[in-house]
Amino acid sequence: MDNKTIAFSSFDTQCTTFIKGIAIILMVVHHLWGFNDVKDFSGFWSNIGPLMIALGKAGKICVAIFAFISGYGIYCSYSKHNKYSTLLKKVEKTFVMFWKIAIPFLITLFILPIIPFNIVDFVKNLFCISCSYNGTWWYLNTYIIYIIIFPIVFYALKNKLLTIILCLISIPICRYLSYIVLENGYNIYFYYFLYYLPIFVIGSIFARFNLLNKLTLNGQIRPNKTLFLYIFITFALIILRLITGITEILFILTPCFMLCFIQKPIPMNRFVKVVLYIGKMSMGIWIIHYFFIEQIPVRAITNNCVLQFIFVFGCSLLYVISIKYIYKLINNSILSKTSIKH
């Protein structure tokens with residue numbers, strides 16, 4: 001295959017961007033259909049309501065995907081520089097990106113007024129001490145804590161024995177503690193931190209030992225067969241997860257999901273370009289989409305669940321594109337004025 005036509009062939013930045021694009025679509029599907037009942041679907045869609053609900057519930061894997069990619073990416077970044085300042089810059093960059101997308105939208109909601117303004121609530125939500133404005137913002141708090149504590153994970157993974165111990169201990173203990181936290185009504189952020197920490201650590205382990213490449217069976221089995229194998233395992237685990245409700249399946253399911261995308265070179269076509277573009281906008285879509293489900297229920301426009309997805313996802317994407325374009329115009333204006341002065 002001509003190199004110019006290849007989008008990606010390994011677990012690189014382009015590949016993770018593509019996977020983020022798929023993950024954010026799964027997230028919107030999860031929030032739209034994952035908590036529905038069959039009676040929420042009408043007409044033709046009521047016939048396939050159970051399938052849509054199952055798809056929505058399966059979409060919850062999106063959080064595990066982002067946690068795995070975060071652990072993988074932060075390990076690769078930190079191992080190059082080995083400086084805590086790089087992690088602090090990542091925290092700063094993350095907050096700035098979050099504020100750029102969230103603040104203009106919140107101001108609009110205050111003015112309308114769809115959300116009542118309170119300075120304390122506003123500051124708490126901006127620093128993700130609270131997620132009262134948007135229930136999905138808990139992940140930013142969790143992600144920031146993972147970045148802050150990452151050196152502990154990094155140095156623990158330097159030793160293979162410690163890595164094995166970390167896996168064997170962290171998975172059952174973190175899960176057990178997360179359920180205790182949830183049952184006793186402790187801070188919900190602490191629950192999410194514990195719940196997804198093992199998957200974040202697994203992502204770091206896969207980066208540390210280059211396991212994705214090692215589990216790519218090219219040269220031993222034909223690429224099409226390995227691709228089919230990992231797709232089959234992924235779907236089997238998703239079905240098993242839906243039937244049993246056992247969340248620990250995610251520890252195997254998430255890496256298998258990643259492996260589906262690197263068994264053979266992925267050609268650059270229109271579909272791939274669209275998903276890559278969505279992946280680049282994934283953080284903005286994550287920040288905004290839930291507002292269009294809760295505070296601005298655009299899905300009330302129609303009973304067609306596919307159109308509901310298109311409206312929610314489309315409005316979110318359109319806002320993110322628009323706000324980024326506005327920032328680009330502002331930056332260009334500032335740069336042009338600066339160059340004139342000099």
Side-chain angles (χ1 to χ4, degrees), residues 11 15-38 40-41 45 47-72 136 139 142 167 171-172 174-175 178-179 192 195-203 205-206 211-212 215-217 221 223-264 266 271-272 275 278-279 282 285-286 289 305-306 308-309 312-313:
F11 199 70
C15 179
T16 55
T17 301
F18 182 84
I19 294 173
K20 284 178 183 178
I22 292 175
I24 197 63
I25 292 171
L26 290 173
M27 181 181 288
V28 177
V29 165
H30 173 61
H31 290 147
L32 273 174
W33 306 330
F35 307 97
N36 282 11
D37 193 84
V38 176
D40 295 323
F41 299 92
W45 303 104
N47 298 322
I48 58 170
L51 178 63
M52 307 302 283
I53 292 168
L55 182 61
K57 289 181 177 178
K60 193 175 182 180
I61 189 181
C62 63
V63 183
I65 292 170
F66 283 119
F68 182 96
I69 290 175
S70 297
Y72 193 102
T136 67
Y139 185 75
T142 304
C167 274
I171 291 173
C174 283
R175 284 307 170 102
S178 68
Y179 293 132
Y192 285 126
Y195 190 88
Y196 287 105
L197 179 61
I199 297 175
F200 175 83
V201 171
I202 288 171
I205 291 170
F206 268 71
L211 293 180
L212 287 175
L215 289 170
T216 299
L217 304 176
I221 306 176
N224 287 335
K225 290 185 177 180
T226 61
L227 177 61
F228 175 79
L229 172 66
Y230 283 121
I231 290 175
F232 175 79
I233 293 171
T234 299
F235 274 98
L237 290 172
I238 289 173
I239 293 168
L240 188 63
R241 165 78 176 86
L242 290 173
I243 294 172
T244 64
I246 299 173
T247 56
E248 284 71 19
I249 291 171
L250 287 171
F251 301 136
I252 304 171
L253 170 57
T254 309
C256 286
F257 183 86
M258 305 297 170
L259 284 162
C260 291
F261 298 95
I262 57 173
Q263 296 311 303
K264 57 185 296 185
I266 303 297
F271 172 75
V272 172
V275 177
I278 291 170
S282 60
I285 296 170
W286 158 68
H289 81 276
C305 57
V306 173
Q308 288 176 349
F309 170 81
V312 170
F313 197 88

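- Counting only residues at least two apart or in different chains, side-chain hydrogen bond (donor to acceptor under 3.5 Å, both in side chains) contacts with residues 15-34 comprise H31-H289.
- Residues satisfying the side-chain hydrogen bond (donor to acceptor under 3.5 Å, both in side chains) criterion with Y139, sequence neighbours excluded, are S70.
- Listed by chain and residue number, F8, F261 satisfy the ring pair (Phe, Tyr, Trp, His ring centres under 6.0 Å) test with F18 (two or more places apart in sequence, or in another chain).
- Minimum heavy-atom separation, P198 to C174: CG-CB, 3.8 Å.
- Listed by chain and residue number, nothing satisfies the side-chain hydrogen bond (donor to acceptor under 3.5 Å, both in side chains) test with T234 (two or more places apart in sequence, or in another chain).
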| message | Go through it in stages, so that I can follow the logic: the residues are C305 and L32, the test is side-chain contact (heavy atoms from CB on, under 4.5 Å), and I'd like the CA-CA distance, side-chain angles, deciding distance and then a yes or no. | response | CA-CA 8 Å; C305 57; L32 273 174; over 6 Å; no
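- Atom SG in C256 sits 10.0 Å away from atom CD1 in I238 (nearest 0.5 Å).
- Annotation: Y230 is not in aromatic contact with F257 [ring centroid separation under 6.0 Å not met].
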| Please walk me through it: do Q263 and T216 pass side-chain contact (heavy atoms from CB on, under 4.5 Å)? | CA-CA 6 Å; Q263 296 311 303; T216 299; 3.7 Å; yes
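- For I231, the side-chain contact (heavy atoms from CB on, under 4.5 Å) test picks out L227, F235, C260, with sequence neighbours left out.
- Among residue pairs with one or both ends in residues 241-251, those qualifying as side-chain hydrogen bond (donor to acceptor under 3.5 Å, both in side chains) are R175-T247, Y179-T247; sequence neighbours excluded.
- To the nearest 0.5 Å, the span separating OG on S282 from CD1 on I65 amounts to 11.5 Å.
- P255 approaches F206 most closely through the heavy-atom pair CB-CZ, 3.6 Å.
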